Visitor: 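Just passing along the structure, written as structure tokens.
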Amino acid sequence: MAYKRQVGRLPIIPADAQEHNVTCHYCIVGCGYKAYTWPVNRQGGTDPSQNKFGVNLAEQQPIDTEAWYAPSMYNVVKQNGRDVHLVVKPDVNCVVNGGLGSIRGARMAENRPSKVTGTQQQRLSDPLVWRNGVWQPTSWDDALDLVARVTARVITEGSEDDLVVSMFDHGGSAGGYENTWGTGKLYFESMKVKNARIHNRPAYMSEVHSSRDMGVDELNYAYEDYQLTDTIFIVGANPMETQTNLYLNHMVKGLQNGARMVVMDPRRTLTVASSEQFAGKDNVLHLAIKEGTDVAALNTIMTHIVDQGWTDKDFIAASTYQDGVAVPQDEAHPASLGSLEHAMQQIRMSLAEGAEICGVSADDLARAAEWIAKPKDDGSRRKCVMGYEKGIIWGNDNYRAVGALVNIALATGNIGREGGGVCRLGGHQEGYYRPSDAHVGRPAEYIDQFLIRGLGGVHHIWACDHYKTTLNASEFKRVHKRRSDMVKDAIDAAAGGSREQVVDAIMGAIRMGGLFVVDMDIIHSQIGQNAHVILPACESNEMNLTSMNGERRLRLSEKYMDRWGNSRPDCLIAAGIAQNMERVLREMGHDAYADQFKGYDWATEEDAFMDGYHKGNPEVTYERLRAMGNNGVQEPVVGFENGQLIGTPRLYTDGRFTRHGREDGKALFCASGWRGWQAPGKAREQAAHRFWINNVRANIFWQNQFLDQKNDFIQDRYPHPFVEMNPDDMVELGLNPGDLIEIVNANGVTQGMAYPLPTIKRNTVAMVFGSPAGSQGNVVNPGVNELVLPDYKHCWGDIRKISNATAQTAGISFKSHEVVL
Ligand SMILES: Nc1nc2c(c(=O)[nH]1)N[C@H]1C(S)=C(S)[C@@H](COP(=O)(O)OP(=O)(O)OC[C@H]3O[C@@H](n4cnc5c(=O)[nH]c(N)nc54)[C@H](O)[C@@H]3O)O[C@H]1N2
Ligand SMILES: Nc1nc2c(c(=O)[nH]1)N[C@H]1C(S)=C(S)[C@@H](COP(=O)(O)OP(=O)(O)OC[C@H]3O[C@@H](n4cnc5c(=O)[nH]c(N)nc54)[C@H](O)[C@@H]3O)O[C@H]1N2
Ligand code: SF4
Ligand SMILES: [Mo]
């Protein structure tokens, strides 16, 4: 972004600029933004009649004015073939963010591709096919024909089980109801692909099986519940950095209204540090448990609540199952489910026992239970809203840990009520609409291991980069590269041959253990280095896209600029694959099979939306969503009256729980007994190495930095993944700030930059995950739970110095990340 560092002034948005509704396409929170565009040859003026804000810009503006925008919110992009100015700024009227941006969302404009300002030149503009040792740009017809020919040969000579698919299941960019439907229809309706995995985990299943099995959908509250509650209980999440405006616009307001906060996280997070500043230290309780001991801590809190009689007896009687075991423990259920009494037989843990296992005091565990559930002096119930995310989802014993938390919410009647809720804080926005995935089975196939074992012949990859983000990544990369290189070599050897000859050569390599790789992405990613065909997608706002946020708020984020080059929406790429499959299969004489690939005659993303989501939700159309603006409507949509879609602010207000499909509507408790390290190899690794390699997200980065890896504003700050370390550990290892280090264990090696943080516990580090300059997943072992949920967060290693700080790292600030607000 160097070009803007010299910019002294930016154009004023004219009064007649076009206005578009935008939902930030990064995190789950889904903040509302407005995009303004106008012709590049003019700008507004200071007179109120001449600018979009309608104010006199010749005067000094008040401190909280809306009438400004930052350089990062500006760019010049193409719209209908013409250059236009673009400003994307937070929408003050959106109830989600109330005008707040974040360091990620407020850079949406500067991260648009532009020929004029030179931003994001890395974006893919044309399909690429591996030819003669390079990725050669080509037409869609040529690329899709090759994809279809190889895929059709593989699944007809073998079976659909030989097609392996990695696919996003989220909203925001690289997702949304349009794109999950496009890919879902292709792989789950036209085909019944069962060797599929989701972008962030090595199999196709839920992140929160236990909550659903208990009857509780994981997004059941409204964000305003944080402002209506007495206590905010955060488990394994760091919302200040990862759900930033949910934290700033809702949780902070709750704290300012007098709510207390309990945070269960082995690490002192910025959420703890900043909440102490907003609420006072006495109102924030940090349970700095030993890593992986959440089940024990939650069970101890639950036991104390039950023993003190602080449960909500009326709610339990009316809304939860009463008769012992409802679902026994088996292969598909890592714990039994049933009545409170049944669950307590497994859960019971005294304060002393819990304190011993978790490494926090019995007093603190008792205080957490009090803050969550002890009735107030007047006898009224305390309200508590509970939020959790990757610290337990990618933690020890996922099924039981999530179940143990939902148990507390059920026992205290904190679901379906104002100021309550037990919810994932979430990752991306949601946008899941697909045909049934029941054929995948439970437990699902562990896809990474399937590929490592040499199985599968074709790999379709949609919007994910396992090189940076999977577990056991060192081995995965070695095998994936070796297998795809076999196919590259075969293509190179067949150079100059006809399409049939090249496909025959590819098939020969596949039979020898090779893997044909097709990558759908917006850039040439690291796993894309293994691809033989790369298909360029466009992002949200280069297409219309619908998604819902963490309180199920559904919005249409509008297209305001042209697609980059010949890129296409993912749903239309899926349609193109389907159409080519139909043609090729027919040519091969498989007419009946070819017929399964009919029904993709979509000209636009709206057609895909109408074919999928709209059919299941007939009230919802683009036109109606557009009219609902940035505040949208909370799903499920239950009607349409007076020009408005009618939504549902909270789930389960009637006390009936249905997510598990039980007709009695009774929620089940989870017998979430503590069983130590659940995933294979974890306990052994912990004993063998000095440092716990906690891996975390940071405010400044979005995911694997795909749009930031060429952005010098970001790269000048952290040219290498930061590895936060206690200064005393650094002294012992002879490390100075900015020194480059290696993290080593039996799984592999990764590298980063030592970053001192006085408040981090000794012998633990916090490394930012997913960096292109050092993949934390290299050192994560392959251990998963019974349902193939990975435990990314728990990994141990030793640290050694590679080099002194480089010229680049020596120049950056090593101030504590714990800033005073
Ligand atoms: N060690 C460790 N590993 C983890 C985690 C962890 O906490 N620790 N967390 C896990 C989690 S929760 C997640 S979500 C994953 C993330 O893992 P990934 O999904 O692999 O990572 P992303 O950075 O989200 O990758 C997005 C890719 O999609 C591309 N893309 C962006 N927009 C579009 C689009 O519109 N269409 C297409 N086709 N492509 C697009 C980007 O260029 C990028 O290459 O990592 C997981 N891995
Ligand atoms: N800035 C930013 N925001 C994001 C993202 C991003 O890349 N950047 N990604 C989005 C995505 S896809 C996701 S999934 C979410 C993830 O959102 P979060 O889950 O909030 O993020 P993480 O930093 O991965 O992990 C949260 C915490 O888990 C803690 N933890 C580690 N081990 C344990 C344990 O054993 N027990 C407990 N209780 N805690 C533990 C870590 O110390 C860390 O503070 O963030 C979303 N928001
Ligand atoms: S908090 Fe999330 S949705 Fe909101 S602007 Fe930041 S990244 Fe976007
Ligand atoms: Mo995620």
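A quick note: this is a predicted structure, and the numbers were derived from the prediction, not measured. Indexing begins at 1, ligand by ligand and atom by atom, following the structure's order.
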Visitor: If the cut-off is 4.0 Å to any non-hydrogen atom of T269, which atoms of ligand 2 fall inside it?
Guide: 44 (O)
Visitor: Are N396 and ligand 2 in contact, using a heavy-atom cut-off of under 4.0 Å?
Guide: no
Visitor: Is the gap between the ring centers of W677 and H794 under 6.0 Å?
Guide: yes
Visitor: Quick check: H460 with Y187 (ring centres under 6.0 Å apart)?
Guide: yes
Visitor: Below a 4.0 angstrom heavy-atom separation, can you tell me which part of Y247, side chain or backbone, both or neither, approaches ligand 2?
Guide: neither
Visitor: Check each atom of ligand 2 against the heavy atoms of E291 and keep those under 4.0 Å away; list them by number with element.
Guide: 35 (O)
Visitor: Using the side-chain contact (heavy atoms from CB on, under 4.5 Å) rule, pick out the option among V263, L405, V385 that qualifies with F233.
Guide: L405
Visitor: Using a strict 4.0 Å cut-off to heavy atoms of D294, name the atoms of ligand 2 that fall inside it.
Guide: 34 (C), 35 (O), 36 (N), 37 (C), 38 (N)
Visitor: Using a 4.0 Å heavy-atom cut-off, which part of A698 comes near ligand 2: side chain, backbone, both, or neither?
Guide: backbone
Visitor: Tell me, please, whether F769 has R697 positioned over its six-membered ring: NZ or CZ under 6.0 Å from the ring centre and within 45 degrees of its axis?
Guide: yes
Visitor: Can you confirm whether E356 is buried at CD, in the sense that more than 12 heavy atoms of other residues, nucleotides or ligands lie under 6.0 Å from that atom?
Guide: no
Visitor: Tell me the contacting part of H794 for ligand 2: side chain, backbone, both, or neither, using a 4.0 Å heavy-atom threshold, strictly below.
Guide: side chain
Visitor: I'd like to check the salt bridge (charged side-chain N to carboxylate O under 4.0 Å, His left out) partners of R717; sequence neighbours left out, ordered by chain and number.
Guide: none
Visitor: What is the ring orientation for H459 with H466, classed by angle as parallel under 30°, tilted 30 to 60°, or perpendicular over 60°?
Guide: parallel
Visitor: Please say whether T293 places an N or O atom under 3.5 Å from an N or O atom belonging to ligand 2.
Guide: no
Visitor: Side chains of E685 and N747: any donor to acceptor distance under 3.5 Å?
Guide: yes
Visitor: Which ligand 2 atoms, with their elements, are less than 4.0 angstrom from a heavy-atom of Q243?
Guide: 17 (O)
Visitor: Would you mind listing which atoms of ligand 2 come within a distance below 4.0 Å of any non-hydrogen atom of N238?
Guide: 20 (O), 44 (O)
Visitor: Take the angle between the ring planes of Y718 and Y755 and call it parallel below 30°, perpendicular above 60°, tilted in between.
Guide: tilted
Visitor: Is atom NZ of K481 surrounded by more than 12 heavy atoms (other residues, nucleotides or ligands) closer than 6.0 Å?
Guide: no
Visitor: Taking the ring centre of each residue, are Y226 and Y221 less than 6.0 Å apart?
Guide: yes
Visitor: Which protein N or O atoms sit under 3.5 Å from any N or O of ligand 1? Give each pair with its distance.
Guide:
| residue | atom | partner | partner atom | Å |
| --- | --- | --- | --- | --- |
| ligand 1 | 1 (N) | N695 | OD1 | 3.2 |
| ligand 1 | 1 (N) | Q776 | OE1 | 2.7 |
| ligand 1 | 7 (O) | R697 | NH1 | 3.2 |
| ligand 1 | 7 (O) | K793 | NZ | 2.8 |
| ligand 1 | 8 (N) | N695 | OD1 | 2.7 |
| ligand 1 | 9 (N) | W394 | NE1 | 3.2 |
| ligand 1 | 9 (N) | R697 | NH2 | 3.1 |
| ligand 1 | 17 (O) | T469 | OG1 | 3.1 |
| ligand 1 | 20 (O) | D465 | N | 2.8 |
| ligand 1 | 20 (O) | T469 | OG1 | 2.7 |
| ligand 1 | 21 (O) | N704 | ND2 | 3.4 |
| ligand 1 | 23 (O) | N704 | N | 2.9 |
| ligand 1 | 23 (O) | N704 | ND2 | 2.7 |
| ligand 1 | 24 (O) | Q703 | NE2 | 3.1 |
| ligand 1 | 25 (O) | N704 | ND2 | 3.1 |
| ligand 1 | 28 (O) | A463 | O | 3.3 |
| ligand 1 | 35 (O) | A174 | N | 2.9 |
| ligand 1 | 35 (O) | C538 | O | 3.3 |
| ligand 1 | 36 (N) | D570 | OD2 | 2.8 |
| ligand 1 | 38 (N) | M520 | O | 3.2 |
| ligand 1 | 38 (N) | D570 | OD1 | 2.8 |
| ligand 1 | 42 (O) | D521 | OD1 | 2.6 |
| ligand 1 | 44 (O) | D521 | OD1 | 3.4 |
| ligand 1 | 44 (O) | D521 | OD2 | 2.7 |
| ligand 1 | 47 (N) | T469 | O | 2.7 |

Visitor: Using a 4.0 Å cut-off to any heavy atom of G292, which atoms of ligand 2 qualify?
Guide: 34 (C), 35 (O)
Visitor: Is the Y26-H428 ring centre distance short of 6.0 angstrom?
Guide: no
Visitor: List ligand 2 atoms under 4.0 Å from R267, heavy atoms only on the residue side.
Guide: 42 (O), 43 (C), 44 (O)
Visitor: Is there a nitrogen or oxygen of M264 sitting under 3.5 Å from a nitrogen or oxygen of ligand 2?
Guide: yes
Visitor: Got a second to check how far T23's OG1 is from N549's CG, nearest 0.5 Å?
Guide: 8.5 Å
Visitor: Could you tell me, atom by atom, which parts of ligand 2 come under 4.0 Å of a heavy atom of W692?
Guide: 31 (C), 32 (N)
Visitor: Work out whether the distance between some heavy atom of A401 and some atom of ligand 2 is less than 4.0 Å.
Guide: no
